[in-house]
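First the proteins, then the strands, lettered A, B, ... as listed; each starts at 1.
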Number of protein chains: 2
Amino acid sequence: MKKYTIKDIAELAGVSKGTVDRVIHKRGKVSQKALDKVTKILGEIDYRPNPIARNLKNNKVYQIYVVLPDPKEDNFWAPCVEGVIQAIEEFKSFLVDIKLFFYKPTSTASFKEINKKVLELGPDAVLLSPLFHKESISAVNNYRSAGIVVSTFNSQIVLEEAINYVGLDLYQSGRVAAKLMHTIVPDTHDIVICHFDETLNNAIHMQQKEKGFRDYFSELNGVDYTILTLSVDQTNPDLSLVNFLKSQDKAFGFFVTTSKSYNLVEILQGQRQKNIKVIGYDLLDENIDLLKKDMISFLIHQSPRTQTYLGLTYLIEHFLFNKEIPNKKLLPIGIVNSENLITYL
Amino acid sequence: MKKYTIKDIAELAGVSKGTVDRVIHKRGKVSQKALDKVTKILGEIDYRPNPIARNLKNNKVYQIYVVLPDPKEDNFWAPCVEGVIQAIEEFKSFLVDIKLFFYKPTSTASFKEINKKVLELGPDAVLLSPLFHKESISAVNNYRSAGIVVSTFNSQIVLEEAINYVGLDLYQSGRVAAKLMHTIVPDTHDIVICHFDETLNNAIHMQQKEKGFRDYFSELNGVDYTILTLSVDQTNPDLSLVNFLKSQDKAFGFFVTTSKSYNLVEILQGQRQKNIKVIGYDLLDENIDLLKKDMISFLIHQSPRTQTYLGLTYLIEHFLFNKEIPNKKLLPIGIVNSENLITYL
DNA sequence: ACAAAAAATGTGCTCGAACACACAAAAAAA
DNA sequence: TTTTTTTGTGTGTTCGAGCACATTTTTTGT
């Protein structure tokens, strides 16, 4: 499998490399005769420009900025930062400059402000966690008008034109949780879906997960579970939750749609019969601890670290080597128990 | 974060780029004075040679050969070939040449023959599936004496010097299966470990998995399961298996240590009570079918496709960009049920 | 002191693509 | 026909590292 260069083509076509260049890039003036000669050769061989030579000539430092919630505000985002750091480390020698920008996950104003700032700095690409749907669409459009490539991770947003996304199919993850619940909870017992988030700013996430969860059970024949939904936010503090849980004597399986399973387990502790089953999301330290103690049966892993790492490598390799960015990269939905846990850390 | 070039260093140190080159590569003669000047600058700045320029100058087509069992003989290996094809596709434009070599998974002679052939061809690197332990060690040593880089995948072999490995921790995967079994099978029931392989050439694999499985249960306190082991090979055909299973009335959970779960389910079908639980390995079409029908509870995913893909990218990026090859890359042990199945395909 | 050898250092070319620029050939205008 | 413009084509430089070769400086031997 011979690798052809522009010079090779020039010789084969009996023209100079300048002419070949003009034909390939459709720039400048080329006579019909020369065009024919070169396109003939181009059709006969499989010419792929050497991405390394191209990049060397380019000699540009690409600016890629990552916009995500501050992990100090919500620990869920800490692994995302690790993924970014890993990418920085791995591409240190290359002409890329990766910078992190944090916003407050509880504040749309902060989100807008940071995106404005990033837009002004004018990077080549932005990897964005589009937590707030409306504001994200506007931010993405602004970036695009400025010719900035945008990729998203963790939550999908809907736009007319497709946008690059790395993350989970959240609806499907709800179905996965349901299947697990179905496997471990006898069908005479009740199930509670808990939307456990202090600010409810993960609303879209939680809805998609709930839908997947409920769809699974409603598609089952001959089995009827009772499934309740419980939303907890700032206007609905722990006390009311405790009261609710007390009143639901039969509830047996709990599906927590956020990373706050540990919060639920804490409240349930001692409160009810020991034999309840909890399925939740994310490998936070608090959750890991309870998973090991069998107080959480399964955790669904959203691979936050992989999301940012992959999102970044796609962008970097696009700029450096002209690789195509996959439009939609859905990561495997990881089912984690106490034994395969370490293989995910 | 400025990126320095050799020319930059030469100017800063007041010498020519030739001298800087000699200092960096410790070749040729350099005066103490010049050495000091250059090392001083080198200590002050963070110089990283541009891997792209280096590779361009190199201008060598790296030969990387993949040696694995013929997927026509055992379908387990088909995804491995897909992983190789994906890597070929992705690095088409680069100066790498990836070739596939198949051996018969039932024949050590074939394994030796193929490795001899590959050794004679003298590639730059070999990605090897070391199915036969003794023969693999000898093959790896031969490659190394010839200065060929070797990486392995799917099964780990033990050597004095470390060898690159991409794959699962098989012992741990046995523990994962045990934990799952523990979650879905009441402790009054018996469990059978099935080593289901026509030729028993996966002996090491199966032993590691069994050990992990048994260790998990023996570490449990206050619960005693009865765990039986059943080996099936050519000298022990289906009939004897059927007889065995008939005699074990209490057996309830089955752990199949190979990808042949479908074989077990086929035999069990109609033979015994319906409510048995099977946990096995690998997303073969036959297994997937049974997983969807709930006749297999969980499949453990060994990510064969990812194993070869990753193993290859490590080698390629090592040659092209001087990246370090991770000595041991243990992939997450994927727990697969009917709902997260599609996210693994 | 002077030539020869050895040591130290600088210069220049290569890799492949990209692109500026110079120059030639053909076509249009004088 | 000559001049000017348009169109077409080839040459040469750049990017950074690597390495061969040329050149300069120092050391050694007589």
Close aromatic pair by centroid cut-off 6.0 Å: [X] and [Y]:
X      : Y      : value
B:F132 : B:F111 : yes
A:F321 : B:F321 : yes
B:Y62  : B:F94  : no

Specify the separation, in whole Å, of atom [atom1] of [X] and atom [atom2] of [N].
X     : N      : atom1 : atom2 : result
A:H25 : C:dA17 : NE2   : P     : 9 Å
A:D21 : C:dC21 : CG    : P     : 15 Å
B:I52 : C:dA17 : CD1   : P     : 14 Å
B:N55 : C:dT14 : CG    : C1'   : 14 Å
B:R27 : C:dA7  : CZ    : C1'   : 17 Å
A:K60 : C:dA18 : NZ    : C1'   : 16 Å
B:L56 : C:dC13 : CG    : C1'   : 13 Å
B:K29 : C:dA6  : NZ    : P     : 10 Å

Does NZ or CZ of [X] come closer than 6.0 Å to the centre of the six-membered ring of [Y], within 45° of the ring's axis?
X      : Y      : answer
A:K3   : A:Y47  : no
A:K104 : A:F102 : no
A:K2   : A:Y4   : yes

| field | For the student: nearest non-hydrogen atoms of B:L331 and A:T343, plus distance | value |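 Heavy atoms only, the tightest pair is O-CB, 4.0 Å.
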
| said: Does this structure show an ion pair linking A:K117 with A:E113, if we count only N-O contacts that are shorter than 4.0 Å? | reply: no

| Among A:L312, A:I316, A:I64, the one residue meeting side-chain contact (heavy atoms from CB on, under 4.5 Å) with A:F91 |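 Single pass found, and it is A:I316.
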
| Mapping B:R22 and B:P49 onto DNA chain D by nearest heavy atom, which one lands closer to the 5' end? | B:P49

Could you state the interatomic distance from [atom1] ([X]) to [atom2] ([Y]), rounded to the nearest 0.5 Å?
X      : Y      : atom1 : atom2 : result
B:L320 : B:R54  : CG    : CZ    : 12.5 Å
B:N50  : B:L56  : CG    : CG    : 9.5 Å
A:Y314 : A:N164 : OH    : CG    : 10.5 Å

| Mind pulling the stems DNA chain D is in, i.e. runs of at least three Watson-Crick or G-U pairs, everything under 3.5 Å? |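 As far as DNA chain D goes, consecutive pairing (with distances under 3.5 Å) yields the stems C:1-27 with D:4-30.
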
| message | So, OP1 or OP2 of C:dG10: does either fall under 4.0 Å of a side-chain N or O from B:T19? | response | yes

| B:G18 vs A:G18, nearer the 5' end of DNA chain C by closest nucleotide | B:G18

| hbond_proxy B:K57 side chain to C:dG16 base (donor-acceptor, 3.5 Å cutoff) |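 Check fails, no donor-acceptor contact within cut-off.
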
| request: Return the nearest nucleotide to the side chain of A:N50; candidates are C:dC19, C:dA17, C:dC15. | output: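 Out of C:dC19, C:dA17, C:dC15, the nucleotide with an atom closest to A:N50's side chain is C:dA17.
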
| query | For DNA chain D, which nucleotides open and close the run of contacts to chain A, 5' to 3', at under 4.0 angstrom from a non-hydrogen atom? | reply |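 Nucleotide range in contact with chain A: D:dT7 to D:dG16.
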
| field | Neighbours of DNA chain D within residues 3-11 of chain B, by heavy-atom distance under 4.0 Å | value |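 By residue number: B:T5, B:I6.
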
